[in-house]
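All remarks here apply to the structure that follows.
Just so it is clear, the structure is predicted and the values come from calculations on it, not from any experiment.
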Amino acid sequence: MEEIFHKAGFYPADILLPREVDMTKWAVVACDQFTSQPEYWQAVEKEVGVAPSTLRLILPEAELHDPDVARHIARINASMEQYLEEGVFRTYPNAFFYMERTQADGKVCQGLIGMVDLEEYDFMPGSKRRIRATEGTVFSRIPPRVRVRENAAVELPHIILLIDDAKKTVIEPLSEAKGEMEPLYDFELQQGGGHLSGWLLTESQQISTAKALAELAAPEEMERKYGVAGESLLFAVGDGNHSLATAKQCYENLKKVTPEAEWAALPARYALVEVMNNHSDALEFEPIHRVVFGVDPEALLQAFLAYYPGAHNGEGEGHTIAYTYAGHRGTVTVPAPTAQLAVGTLQNFLDDYLKTHPGEVDYIHGDDVADTLGAQPGNIGFKLPTMAKEALFKTVIADGALPRKTFSMGHAYDKRYYVEARKIK
């Protein structure tokens, strides 16, 4: 049985769920959402009140650089210990969960929850591991996230790994077998997040699911799909790139102070994740826009045009990017771009520009939000085109990780909510 899970690269986990709580208050959206909309998190705080909630176990990224961040992290770690000691959690040993989420648009998103071995993952450029980053890792973003995780008793994942399963052999069959499973939860998500239901796989379902994953990972299947001998990419990180990189870094730090013979027994060697099919009808890639705060928008636009020879206002052949600032809307086009995607063209410029000019970039979901924030004095918003999801695996195999924050899987309110947890100490 262990061998089939090893071939699949996906393992059952001792998964924690809360018992006897209001699940709507328990579950909150991924910490990296609504970072420039404090009113969202204020509404969550009001909704949760004093009830047990994952809000007490995560740090919204809007607070990551708060002057009191160390106090916030200490409070989170204390809440984790308190929840464990008070029996808030029930443990489901050696478990896979199947979940369905009905989104705001009525589509049903299907997922499989278990854990992956971080020895099979590498976020460095050029990685050939079975699990790979899909966007460039910003190394400066790892240390503050390590501080959040390194002393945490449990992990709560918003990591979503994608599989390239066009024949829908792994996750989709579970939908027809729910009657054989133990129901786990069934509730409305707060703040318009949709509806979430979950079930516990039987042992035989675990094995059949692992076998289907192993078949996807077979060398002959890889070569058939990608035309590359020896390819091993099974899981592409669809969401939570930096969260998984943080888990990896924490594990690597532990390895430095742990005898090698004990590495396999480290709970931190594994990370709890949700697996989704890239071919799911409910899965849509949304562009992640940019808003630059604290700048002279006209000066920044002129610098952008000067940065790329031949760049011009208006639409044309090449990479065309829409912008909004106070009282103005338009587009700029870069002909014959060297980057593969428009997001790379924009990000390369912004990275260089902000090295020598004041200003700060935030990554925004939704056209309306980008326009609203971009129209405020001292800001400028850039809206980027959507990347075709069918190109993801082949692009990562051929070119490596995409520019950071290239795409988002759905709208911000359709993001993963924290529900399940796992001990990492």
Determine, for [X] against [Y], whether the closest basic-nitrogen to carboxylate-oxygen distance falls under 4.0 angstrom.
X	Y	value
Glu420	Arg416	yes
Lys383	Asp368	no
Lys107	Glu284	yes
Lys355	Asp352	yes
Arg329	Asp371	yes
Arg224	Glu220	no
Lys256	Glu252	no

Are Arg71 and Asp68 close enough, and set up right, to give a salt bridge (Lys or Arg N to Asp or Glu O under 4.0 Å), and what steps lead you there?
CA-CA 5 Å; Arg71 183 170 59 85; Asp68 288 332; 3.3 Å; yes
Below 6.0 angstrom between ring centroids: does that apply to [X] and [Y]?
X	Y	result
Tyr92	Trp199	no
Phe10	Phe96	yes
Phe187	His195	no

For [X], does the [atom1] atom sit with more than 12 other heavy atoms under 6.0 Å from it, leaving out its own atoms?
X	atom1	answer
Glu360	CD	no
Lys167	NZ	no
Lys255	NZ	yes
Lys394	NZ	no
Lys211	NZ	no
Glu315	CD	no

Apply the test salt bridge (Lys or Arg N to Asp or Glu O under 4.0 Å) to residues Glu2 and Lys7: give CA-CA distance (whole Å), side-chain angles for both, the deciding distance (0.1 Å), then the verdict.
CA-CA 9 Å; Glu2 284 291 334; Lys7 286 182 178 179; over 6 Å; no
Assess whether side chain to side chain donor-acceptor pair (under 3.5 Å) is satisfied between Glu100 and Ser175, documenting all intermediate values.
CA-CA 8 Å; Glu100 292 182 352; Ser175 178; 3.3 Å; yes
Please answer whether the main-chain N or O of [Y] pairs with a side-chain N or O of [X] as donor and acceptor at a distance below 3.5 Å.
X	Y	value
Arg290	Leu350	no
Thr54	Leu57	no
Ser208	Gln205	yes
Glu47	Gln42	no
Asn278	Ile163	no
Tyr40	Gln191	no
His289	His365	no
Thr91	Pro93	no
Lys25	Ala51	no
Asp186	Ser197	no

Going by atom types alone, do Asp164 and Tyr226 pair a side-chain donor with an acceptor below 3.5 Å?
yes
Say you draw a straight line from [atom1] of [X] to [atom2] of [Y]; how long is it, rounded to the nearest 0.5 Å?
X	Y	atom1	atom2	result
Glu155	Arg422	CD	CZ	5.0 Å
Tyr323	Ile380	OH	CD1	7.5 Å
Glu221	Asp165	CD	CG	8.5 Å
Tyr418	Leu55	OH	CG	10.5 Å
Thr395	Ile397	OG1	CD1	9.0 Å
Asn277	Leu216	CG	CG	8.5 Å

Are any non-hydrogen side-chain atoms of [X] and [Y] less than 4.5 angstrom apart?
X	Y	result
Arg132	Val237	no
Thr209	Val170	yes
Glu274	Leu161	no

Could you please spell out the steps behind the salt bridge (Lys or Arg N to Asp or Glu O under 4.0 Å) verdict for Glu61 and Arg145?
CA-CA 9 Å; Glu61 294 213 354; Arg145 287 158 181 79; 2.7 Å; yes
Intermediate values then yes/no, side chain to side chain donor-acceptor pair (under 3.5 Å), Gln347 and Asp351:
CA-CA 6 Å; Gln347 194 65 52; Asp351 287 346; 2.9 Å; yes
Which heavy atom in Trp263 sits nearest to a heavy atom in Arg269, and how many Å separate them?
O-CD, 3.6 Å
Looking at every non-hydrogen atom in both residues, tell me the closest pair between Phe293 and Ser36 and how far apart they are.
CZ-OG, 3.9 Å
Using the ring pair (Phe, Tyr, Trp, His ring centres under 6.0 Å) criterion, which residues pair with Tyr353? Sequence neighbours excluded.
Phe349, His357
Show your working on salt bridge (Lys or Arg N to Asp or Glu O under 4.0 Å) between Arg130 and Asp117 and close with a plain yes or no.
CA-CA 10 Å; Arg130 192 184 319 207; Asp117 186 349; over 6 Å; no
